Amino acid sequence: MLAVNFLLLGAVLFCIGVFGVLARRNAVMVLMSVELILNAVNLNLVAFALMHGNVDGQVFALYVIAVAAAEVGVGLAMVLLVYRNRRSIALDELSEMHG
Amino acid sequence: MIAQAAADSINVAQNVGFGIIAAGMIFAALCVVTTSNVVHAALWLVLVLAGVAAQYILAAAEFVAVSQVLVYVGAVMVLFLFGIMLTRAQIGPEKGLNNRGWAAGIPVAVVLLGLLSWAILDAFEDTTLPDRGPTTTSRISDDVLHPYLVPFLAISFILLAAAIGAMVLARKD
């Protein structure tokens, strides 16, 4: 199996995630796109672990999974707080600090 | 991809499986970022995450695959569905999910994909992955508990801080 297969799949997922982060206005949808990006990175890490014949990349992928879980927890708590205060989670309406 | 595999005499079945799963994943990921229904986006995301777990198994990373299913498909998706339910009233298609200038994201993503593909093909064009059996969990645990022990402790602390922080943020008073 070619290493390029995994790496290109990771690149495609990453770009789709970047598009989602840029295009979406709903905060929950932006968090979902961030998950796509993190999974693309994990795919690359696992492919590199296989390429080099050690498990360092897999350990890093596990750590990224743990950090992603923490990020989703805090992110959704913040979205919930914003929704409670403003009855909306549209990101372009959060412009108090715009100056 | 099949012609490539035949030319390089690599495991054809593995490549075909990879291609099918990858096509499904890319389609589901595109649906995640384009659908106008938030709940559907979450369900498409489940498909992407399950596909990633399948790819981990193809890459001989069983423990990471199982963790992916447990943490992402299990816990994170439930969290997302809770977030969706708690932040909106109506179920169904919704207007205004995208920014006004959302189309500007397409050229950005395409250019980024072009650059990444060029760099990847330039660096790893002929690299083949070795055929390897499953990675035993003991190797991963040896790595976690010896060379990567300090990051492991840091991650534990991050998870604790995130759990407490999320509770403090979401508490009602």
Side-chain angles (χ1 to χ4, degrees), chain A residues 1-9 11-20 22-29 31-33 35-36 39 42-43 46-47 49-51 53 55-56 58-59 61-63 65-74 76-81 83-84 89-92, chain B residues 10-11 14-15 18 22 26 29-30 32-33 38 41 45 48-49 52 55-56 59-61 64 67-68 71 75-76 79 83-84 86-87 96-99 102 105-106 108-109 112-113 116-117 120-121 124-125 127-130 132 135 139-140 143-144 148 151 155 158-159 162 165-166 169-170:
Chain A
M1 194 153 182
L2 289 170
V4 176
N5 287 359
F6 281 109
L7 302 183
L8 282 182
L9 177 61
V12 171
L13 280 185
F14 185 88
C15 293
I16 294 173
V18 167
F19 169 75
L22 291 175
R24 289 302 199 181
R25 182 163 166 264
N26 184 308
V28 177
M29 301 294 268
L31 279 176
M32 284 187 204
S33 305
E35 292 308 307
L36 281 182
N39 272 283
N42 271 350
L43 208 54
V46 169
L50 183 63
M51 189 196 295
V55 294
D56 294 19
Q58 296 187 22
V59 174
L62 286 172
Y63 287 177
I65 289 176
V67 172
E71 172 252 329
V72 171
V74 176
L76 282 176
M78 284 165 64
V79 169
L80 219 59
L81 200 64
Y83 180 77
R84 201 176 290 149
I89 50 171
L91 289 176
D92 54 356
Chain B
I10 326 174
N11 191 341
Q14 197 184 14
N15 273 281
F18 174 89
I26 291 171
L30 285 173
V32 171
V33 294
V38 188
L45 187 61
V48 179
L49 298 175
V52 172
Q55 302 289 19
Y56 289 161
V64 186
S67 307
Q68 169 92 4
V71 176
V76 169
L79 217 55
I84 291 167
L86 289 174
T87 52
L97 277 180
N98 284 346
N99 282 319
W102 65 273
I106 297 176
V108 173
L112 188 61
L113 180 62
L116 281 175
S117 319
I120 288 169
L121 289 173
F124 300 104
E125 201 179 356
T127 316
T128 48
L129 294 172
R132 189 164 282 123
T135 314
R139 280 188 70 196
I140 294 177
D143 254 30
V144 167
Y148 297 114
I155 297 266
I158 286 178
L159 277 176
L169 278 178

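Please read these numbers as outputs of a predicted model, since none were measured by experiment. We name chains A, B, ... by the order of the sequence lines, and we start the count at 1 in each one.
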Engineer: If you count heavy-atom pairs under 4.5 Å between each of B:Val71, B:Val48, B:Val108, B:Thr135 and chain A, which one has the most?
Structural biologist: B:Thr135
Engineer: Between chain A and each of B:Gly165, B:Ala75, B:Ala166, count heavy-atom pairs under 4.5 Å; write down the option with the most.
Structural biologist: B:Ala166
Engineer: Not counting sequence neighbours, which residues clear side chain to side chain donor-acceptor pair (under 3.5 Å) with B:Asp143? List them please.
Structural biologist: none
Engineer: A:Leu43 versus chain B, heavy atoms under 4.5 Å apart: side chain, backbone, both or neither?
Structural biologist: both
Engineer: Which atoms of A:Phe6 are under 4.5 Å from chain B, going by heavy atoms: the side chain, the backbone, both sets, or neither?
Structural biologist: both
Engineer: Quick one: side chain to side chain donor-acceptor pair (under 3.5 Å) partners of A:Tyr63, sequence neighbours excluded?
Structural biologist: none
Engineer: Based on non-hydrogen pairs under 4.5 Å, which of A:Val67, A:Leu80, A:Ile65 is most in contact with chain B?
Structural biologist: A:Ile65
Engineer: Report which part of A:Met29 has an atom under 4.5 Å of a heavy atom belonging to chain B: side chain, backbone, both, or neither.
Structural biologist: side chain
Engineer: Heavy-atom distances under 4.5 Å only: say whether A:Ile89 touches chain B with side chain, backbone, both or neither.
Structural biologist: side chain
Engineer: Identify which part of A:Leu7 has an atom lying under 4.5 Å from any heavy atom of chain B, answering side chain, backbone, both or neither.
Structural biologist: both
Engineer: For the candidates A:Val28, A:Leu62, A:Val18, which exhibits the highest count of non-hydrogen atom pairs separated by less than 4.5 Å from chain B?
Structural biologist: A:Leu62
Engineer: Below 4.5 Å from any heavy atom of chain B, which atoms of A:Leu50 appear? Answer side chain, backbone, both or neither.
Structural biologist: both
Engineer: Please indicate whether A:Met78 has more than 12 foreign heavy atoms, meaning atoms of other residues, nucleotides or ligands, lying under 6.0 Å from its CE.
Structural biologist: no
Engineer: Within the distance-only criterion (no hydrogens, no angle test), does the side chain of A:Arg84 pair as donor or acceptor with the backbone N or O of B:Ala170 below 3.5 angstrom?
Structural biologist: yes
Engineer: Do A:Phe19 and B:Leu112 make a side-chain contact, defined as non-hydrogen atoms from C-beta onward lying under 4.5 Å apart?
Structural biologist: no
